[in-house]
S.K.: 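Once you've had a glance at the structure underneath, I'll fire off some questions.
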There are 2 protein chains.
Amino acid sequence: MAAFPADDLESLKGHVRALRPVRRGDTFYRAGEAASRLLIVHAGSARISLSRQGGREMICDYYLPGDTLGLEALHTGTHTATCVALETTQVCELSRNSLMRLAGRHPDLRERICLQMNRALVRSQHHQLDIATKSSEQRLAGFLIDVSMRLGERGYSTHSYRLPLTRLEIANHLGMRTETLSRLLADFRRRGLITLAGREIDLLQREGLSRLAGD
Amino acid sequence: MAAFPADDLESLKGHVRALRPVRRGDTFYRAGEAASRLLIVHAGSARISLSRQGGREMICDYYLPGDTLGLEALHTGTHTATCVALETTQVCELSRNSLMRLAGRHPDLRERICLQMNRALVRSQHHQLDIATKSSEQRLAGFLIDVSMRLGERGYSTHSYRLPLTRLEIANHLGMRTETLSRLLADFRRRGLITLAGREIDLLQREGLSRLAGD
DNA sequence: CGGCAATTTGACCGGTCTCAAAGTGTGTGG
DNA sequence: CCACACACTTTGAGACCGGTCAAATTGCCG
């Protein structure tokens, strides 16, 4: 999911409104609610999740600064997922009405929106592939690399970072149990692939992890 | 994935070109190829799949008459998935150029395209959820219901139909092995939930299957 | 009708899950 | 600033689902 281009935000000036920061766990929107706006992450991070009756829930994806929240609901008008802040997070809002009005005048704006939706679709399909065909170990290695790359795109270190999700959230996102995740992390550490202290992680052997991830 | 509305096709007259039917196994496009057009299924069915080096591949979704093929590539210009006919299938093509040109003049056309992409995204996320949180049995029950509903939307019987995919393809789509699928189908039959002869299937207890599917 | 692909069935194995319990952080209120 | 409570994380033991390998059976197309 590429960042929302800065020049684009520029052209939206006057239509985008910065909201006050929210804290970890606060909800941006819930599945079933009417969707009235698009949110753009300014600082912090967020996750979207789906849930089934019965309590089972899954974190479909996570979002970093520059990413757009609420795309799933853009054209239906109703949210199909729930979006929650992962840490203290600030977003800007763009109302659906302004967006619709602007879309007519700015072909490149709607290009960008569609492009982001496109990327979300491709990401989702690849995650499907991973969950269905890879082992837990491969998925975890892939995840560590994925986070690293996305942080890298935003100018942060790709080698050493703070995990944006808790163990519970990571396990859930990868379709495994926290116990399994914990064991795998311990294993990676034992093999010298990473160092780990709480949420702080160092990728000691990117190559090794990439190879493990299996593509 | 809703069907492409008939009145919309009407308005596209002169821009949409019917292609000659292709047979089962023929490829509409491959991952990596340049994307120059959108395809709309007229008769028959198709599937899209992703693959990793190493041969592992996954069928992400399947498409029935009225569905649109190639959405994943609409804005990047390069296909990220491979699309293959499931049976003798006829599609209509709409070139990307015409589409871009038309999009300016027809706000509702781009609404529709985005809406379809939206639906594809939501479907993909839900499939993620299913693969990650449901048992093989639940996924299979859910799949049988899903096919039934999609056929129903198109005016076919929801009770009795011909499976659009082979066992291998179904298993792959659901993230399990053909052996597992075969055993589960045998089980469903033994329990009186379905009858099955080759690809012809009857859902004897929709309710039971729905309950099994778990939501 | 022959041959090959698709499907089914069986036996066994292994990766993950489940249940349980012990550690480790972390935030809040006193 | 400390201490307590509670959430998060780790570790262990055992069970089970689904995968793997192998072989028999069925079905389909030339």
S.K.: Among D/dT9, D/dT10, C/dT16, find the nucleotide with the atom closest to the side chain of A/Leu168.
M.R.: D/dT9
S.K.: Contact class for A/Gly175 (heavy atom, under 4.0 Å): base, sugar-phosphate, or nothing?
M.R.: sugar-phosphate
S.K.: Angle class for the B/His79/B/Tyr29 ring planes (parallel below 30°, perpendicular above 60°, tilted otherwise)?
M.R.: parallel
S.K.: For the side chain of A/Lys134 and the backbone of A/Ala213, is there at least one donor-acceptor N/O pair under 3.5 Å apart?
M.R.: yes
S.K.: In degrees rounded to 10°, what angle is found between the helical axes fit to the five outermost pairs at each end of the helix from C/dC1-D/dG30 to C/dG30-D/dC1?
M.R.: 60°
S.K.: Salt bridge check, A/Asp202 against A/Arg189: does any charged N sit closer than 4.0 Å to a carboxylate O?
M.R.: no
S.K.: C/dA6, OP1 or OP2 - any side-chain N/O from B/Thr166 closer than 4.0 Å?
M.R.: no
S.K.: Measure from the side chain of A/Arg23, starting at C-beta and using heavy atoms only, and say which of C/dT28, D/dT9, C/dT18 lies closest.
M.R.: C/dT28
S.K.: Please check if the number of heavy atoms outside B/Arg17 that lie under 6.0 Å from its CZ is greater than 12.
M.R.: no
S.K.: Could A/Arg139 and A/Asp146 be called an ion pair, given the rule that one side-chain N must be under 4.0 Å from one carboxylate O?
M.R.: no
S.K.: B/Arg167 has a side chain; which of D/dG18, D/dT10, C/dT8 sits nearest to it?
M.R.: C/dT8
S.K.: What nitrogen or oxygen pairs link the protein and nucleotides 21-26 of chain D at under 3.5 Å?
M.R.:
| residue | atom | partner | partner atom | Å |
| --- | --- | --- | --- | --- |
| D/dC21 | N4 | B/Glu179 | OE2 | 3.2 |

S.K.: Closer than 4.0 angstrom, basic N to acidic O: yes or no for B/Arg162 and B/Glu200?
M.R.: yes
S.K.: A/Ser182 has a side chain; which of D/dT9, C/dT18, D/dT20 sits nearest to it?
M.R.: D/dT9
S.K.: Send over the distance from B/Gln138 CD to D/dG18 P, rounded to a whole Å.
M.R.: 9 Å
